[in-house]
Protein chains: 2
Amino acid sequence: MFAEAKKYDTAAASGTLEQQADQAKSLQRKFDQMRKFNDSIPLKLLKARESTMAFFRPILQEAGLTEQQWRVIRALNEYEELESKQLAELCCILSPSLTGIINRLESQGHLKRRKSTEDQRRVLISLTDQAKQLFKELSPRLEGRYGDLTNQISKEKLQQLNELLSEIIHLEP
Amino acid sequence: MFAEAKKYDTAAASGTLEQQADQAKSLQRKFDQMRKFNDSIPLKLLKARESTMAFFRPILQEAGLTEQQWRVIRALNEYEELESKQLAELCCILSPSLTGIINRLESQGHLKRRKSTEDQRRVLISLTDQAKQLFKELSPRLEGRYGDLTNQISKEKLQQLNELLSEIIHLEP
DNA sequence: ACCATATACTTAATATGTTAACGAGATATT
DNA sequence: AATATCTCGTTAACATATTAAGTATATGGT
């Protein structure tokens with residue numbers, strides 16, 4: 001995830017006015033030359049994701065949570081208790097990253113671990129009351145932002161996008 | 001970027017057959033409960049991006065390049081010479097990350113820095129012959145994979161997806 | 001010329017992504 | 001039961017993401 005999109009829109013906003021104009025022309029010329037670069041699907045998916053996250057990031061930042069930490073909390077709020085591996089799959093976070101995320105959330109008092117009794121290898125994770133409370137506070141605000149986002153697109157387009165993304169997701173190299 | 005999608009598809013493939021069945025039912029029940037979680041646009045964009053990158057990652061890995069390093073090389077191959085800031089904007093990489101990426105690529109002999117004569121603050125970056133050669137070798141293979149990707153989707157859908165993503169990218173929170 | 005401000009890049013600190021390897025616990029096979 | 005194999009979570013090592021602060025250089029107004 002890269003920074004908020006705005007930070008990338010200021011490239012030409014430097015130097016004198018003449019320099020700005022020169023830079024703008026120069027960049028425009030260059031952009032024309034290499035349409036392929038900017039048209040790549042992976043790059044556009046990256047940018048699109050960043051644009052959507054810009055809606056939520058401020059709220060999460062204010063709460064002192066990262067995007068990934070929120071995904072974990074959100075999943076646990078729905079599933080009550082999950083194994084580390086299930087959490088990884090749901091949140092699209094690799095196990096090694098998840099270990100650190102869980103450690104930090106645990107030391108912040110947001111969740112608890114316990115070992116499965118049947119299988120000593122498995123770790124079961126659940127939210128603390130504190131985290132459930134935090135979820136109740138943040139969830140409506142984030143849902144509101146999600147509404148702001150989706151309201152800027154027609155229902156049909158949103159539906160289309162969802163279907164197209166699903167198709168992409170199921171591609172096999 | 002998270003790992004190849006396949007790694008997430010094995011969650012239920014552990015334990016005895018009975019356990020597998022139980023887990024599958026349990027997870028299915030849970031999935032039904034929380035459609036919202038998996039339907040979030042940002043998460044789908046993340047997954048979709050990962051699915052597309054799975055087409056290219058093996059080739060890059062074989063060449064000892066990361067995804068970001070390749071984005072930088074690709075941009076420089078088209079633009080000849082770029083300032084660090086321009087590179088950051090094009091590649092969607094923040095300046096602090098880019099500094100490290102440039103350092104590593106430079107020490108691998110893939111690119112060179114020079115200071116602008118007019119503005120001593122600016123650093124101009126360009127590829128070495130070695131990197132240009134590497135680009136020539138990798139580019140066709142990666143283009144081939146890109147073709148494999150797009151061939152699995154109809155032209156219309158691809159066009160639709162591009163337009164929808166552009167629309168998302170231009171949203172303002 | 002002088003000073004306040006702005007810009008380009010870097011450094012620092014922390015969190016996460018990514019691959020490989022490790023250790024403890026479970027399974028299967030003999 | 002003994003051994004090899006598999007699985008889960010973790011650690012290690014490195015690259016990148018993210019925000020804040022720092023450094024050198026430029027620009028604008030006085």
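Since this is a predicted model, take the numbers as computed values, not measurements. Proteins get letters first, then strands, A, B, ... in listed order; numbering begins at 1 in each.
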Measure the distance from [atom1] on [X] to [atom2] on [N] and round it to the nearest whole Å.
{"X": "A/Arg122", "N": "D/dC6", "atom1": "CZ", "atom2": "C1'", "answer": "12 Å"}
{"X": "A/Lys115", "N": "C/dA24", "atom1": "NZ", "atom2": "P", "answer": "10 Å"}
{"X": "A/Leu94", "N": "D/dT16", "atom1": "CG", "atom2": "C1'", "answer": "14 Å"}
{"X": "A/Arg71", "N": "C/dA15", "atom1": "CZ", "atom2": "P", "answer": "16 Å"}
{"X": "B/Glu83", "N": "D/dA26", "atom1": "CD", "atom2": "P", "answer": "13 Å"}
{"X": "A/Arg104", "N": "C/dA13", "atom1": "CZ", "atom2": "C1'", "answer": "13 Å"}
{"X": "A/Asp119", "N": "D/dC8", "atom1": "CG", "atom2": "P", "answer": "8 Å"}
{"X": "B/Ile73", "N": "D/dA15", "atom1": "CD1", "atom2": "C1'", "answer": "15 Å"}

Given B/Ile102, B/Ile101, B/Asn103, the one that forms side-chain contact (heavy atoms from CB on, under 4.5 Å) with B/Leu105: B/Ile101
Do the side-chain N or O atoms of [X] get closer than 4.0 angstrom to the phosphate oxygens (OP1, OP2) of [N]?
{"X": "A/Gln120", "N": "D/dC8", "result": "no"}
{"X": "B/Arg113", "N": "C/dT10", "result": "yes"}
{"X": "B/Gln69", "N": "D/dT16", "result": "yes"}

side-chain hydrogen bond (donor to acceptor under 3.5 Å, both in side chains) between B/Ser95 and B/Lys85, intermediate numbers included: CA-CA 7 Å; B/Ser95 295; B/Lys85 191 174 186 179; over 6 Å; no
Nearest-nucleotide pick for [X], side chain only, options being [options]:
{"X": "B/Thr99", "options": "C/dT11, C/dA8, C/dT19", "result": "C/dT11"}
{"X": "A/Thr66", "options": "C/dA15, C/dG25, D/dT19", "result": "C/dA15"}
{"X": "B/Pro96", "options": "C/dA15, D/dT10, C/dT11", "result": "C/dT11"}
{"X": "A/Arg121", "options": "C/dG25, C/dA15, D/dT19", "result": "C/dG25"}

Pairs touching residues 152-162 of chain A that satisfy salt bridge (Lys or Arg N to Asp or Glu O under 4.0 Å), sequence neighbours left out: A/Lys157-B/Glu167
